[in-house]
Amino acid sequence: MSQPIAEPPLKSLANFPIGVAVRAPQLAEPDAAALAARHFSQLTAEWEMKMEYVVQPDGSFRFDRADAIAAFARQHGQRLFGHTLLWYANEPEGFARLDESRQSFEGALRNYITAMVSRYRGLASGWDVVNEPVMENGEGLRESLWTRKLGQVGHFKVAFEAARAADPAAVLFINDYHLESRPAKLRRYMQLIEQLLAQGVPLGGIGCQTHCGADLAPGAITATLKALAGFGLPIHLSEMDVSVVDGGLLAGRAEALRRQAGLYAEAIDAFAALPDRQQFAFTVWGLRDKDSWLKRENAADAPMLFDDAGRPKPAFAAVVDALRR
Ligand code: G3I
């Protein structure tokens with residue numbers, strides 16, 4: 001008989017949605033499902049709502065696992081967050097090999113976005129419409145199949161306008177990472193946001209992924225959220241995890257876990273300090289350590305709030321304390 005879960009549900013302590021990234025097979029595991037249902041008020045599909053899963057080589061779409069995640073969210077009164085419509089890292093065959101004598105590339109993309117966004121209309125609180133558009137060094141915007149076919153500005157306009165038409169109520173986001181640790185990338189991201197807003201692109205929210213190492217300087221997350229909040233738009237702290245092996249400069253695991261707890265608490269404090277109307281959601285990028293993509297990068301990593309067995313870590317206690325402040 002496993003111990004009854006004692007720790008307080010995070011979503012009951014927060015005045016804003018607390019999200020988690022999940023995969024459909026996890027939600028079929030009783031322990032993982034219980035953790036997801038107890039603590040979180042919003043679900044993001046970690047990969048099953050991306051083109052790499054949905055778009056088949058023949059151009060058809062499969063929604064089986066996205067539908068399973070949506071069903072779990074409905075069953076537990078949770079919001080669904082759509083991740084992601086366009087991403088430089090996803091250039092599926094179905095689009096790359098499109099016969100444009102039969103259907104325009106823009107038409108095919110509009111069709112995909114309309115099919116995806118309208119399917120979850122009324123459940124999806126928002127969408128990452130374009131994910132990670134800024135080059136890692138901040139010197140420009142990434143090239144991709146989407147920019148090559150539709151142009152740098154054009155691909156944003158097509159994607160955001162198609163998503164807006166498919167669900168007028170969903171908050172439409174742009175989303176990127178390493179904004180806390182790469183000032184040039186943050187500057188370029190903010191320039192892009194200004195440019196899109198000036199061009200009338202229906203950008204409704206700003207995503208700050210917050211994948212970081214435990215050696216991130218205290219205060220960096222706070223400064224980044226403050227800078228992004230200056231646009232007055234809803235902020236989604238969209239993918240937080242804190243690697244305890246990234247950077248490799250830390251004085252041992254205990255110190256790394258202490259710093260990890262401090263960064264999660266700082267992120268909660270910084271997010272809670274935003275004006276209420278800008279607090280879209282605070283999302284962690286995985287349930288337990290063993291569920292994290294970072295574990296696949298390095299088995300010694302422990303980036304999440306719960307350990308491999310689903311037990312709360314110092315980071316969880318730090319988040320509870322911060323939410324109670
Ligand atoms: O589960 C299948 C398995 O059945 C299959 O045999 C195997 C071989 O293809 O694939 C497995 O799926 C993998 C999936 O993760 C689930 O583990 C996919 O290949 C793999 O591409 C996918 O990686 C995801 C990655 O994005 C690419 O989509 C990671 O889980 C996910 O954490 C990561 O998330 C990204 C965000 O979308 C954007 N921000 C950065 C973040 C971390 O890279």
Side-chain angles (χ1 to χ4, degrees), residues 19-29 32 36 40 42-57 61-69 80-95 112 116 124 126-136 141-142 144-146 159 173-182 185-186 189 205-213 216 221 224 228 235-246 267 281-299 301-306 308:
V20 63
V22 293
R23 302 187 293 271
Q26 283 171 322
L27 300 178
E29 291 173 36
F40 301 98
Q42 179 173 282
L43 302 182
T44 298
E46 186 174 5
W47 78 295
E48 290 133 326
M49 290 176 75
K50 292 172 183 169
M51 284 188 176
E52 68 179 75
Y53 182 83
V54 174
V55 181
Q56 301 308 289
F61 308 146
R62 61 174 174 173
F63 295 112
D64 57 330
R65 292 196 181 183
D67 287 350
I69 294 169
L80 179 69
F81 184 78
H83 175 80
T84 177
L85 296 175
L86 277 197
W87 189 20
Y88 77 91
N90 276 195
E91 299 185 355
E93 264 186 85
F95 276 95
Y112 169 74
M116 176 62 93
W127 285 87
D128 282 333
V129 177
V130 177
N131 192 46
E132 303 174 1
V134 179
M135 288 169 69
E136 196 54 15
L141 301 181
R142 294 182 193 270
S144 66
L145 172 66
W146 320 110
F173 284 83
I174 191 170
N175 187 45
D176 222 321
Y177 67 96
H178 286 170
L179 305 172
E180 308 81 9
S181 54
R182 288 172 169 70
K185 188 171 188 180
L186 175 61
Y189 189 55
I206 299 170
C208 183
Q209 293 182 14
T210 318
H211 293 287
C212 59
L216 180 68
I221 294 172
T224 303
L228 294 174
I235 301 290
H236 186 191
L237 196 155
S238 56
E239 305 185 15
M240 188 162 187
D241 46 35
V242 182
S243 170
V244 293
V245 295
D246 199 0
F282 182 103
T283 295
V284 292
W285 203 245
L287 275 169
R288 304 158 297 189
D289 287 336
K290 69 178 181 181
D291 301 312
S292 171
W293 68 291
L294 287 168
K295 202 82 173 169
R296 294 198 291 276
E297 313 267 323
N298 185 323
D301 215 340
M304 304 323 305
L305 301 179
F306 300 96
D308 288 351

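Just so you know, ligand 1 is whichever comes first in the structure, and atom 1 is the first atom listed for that ligand.
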> Where is the tightest heavy-atom contact between Phe40 and Leu287, given as atom of each residue plus distance?
Replying inline: CE1-CD2, 3.8 Å
> Listed by chain and number, what are the side-chain contact (heavy atoms from CB on, under 4.5 Å) partners of Glu136, not counting sequence neighbours?
Replying inline: Arg142, Tyr177, His178, Arg182, Lys185
> Protein residues near ligand 1, heavy-atom distance below 4.0 Å?
Replying inline: Arg23, Glu46, Trp47, Lys50, Glu52, His83, Trp87, Asn131, Glu132, Gln209, His211, Glu239, Trp285, Trp293, Arg296
>> Which residue in the set Ser238, Cys208, Pro133 passes side chain to side chain contact (heavy atoms under 4.5 Å, CB included) when paired with Asp176?
In response: Pro133
>> The criterion is salt bridge (charged side-chain N to carboxylate O under 4.0 Å, His left out); which residues satisfy it with Glu52, sequence neighbours excluded?
In response: none
> What pairs with Glu132 under salt bridge (charged side-chain N to carboxylate O under 4.0 Å, His left out), at least two apart in sequence or on another chain?
Replying inline: none
> With under 30° as parallel and over 60° as perpendicular, where do the rings of Trp87 and His83 fit, or are they tilted in between?
Replying inline: tilted
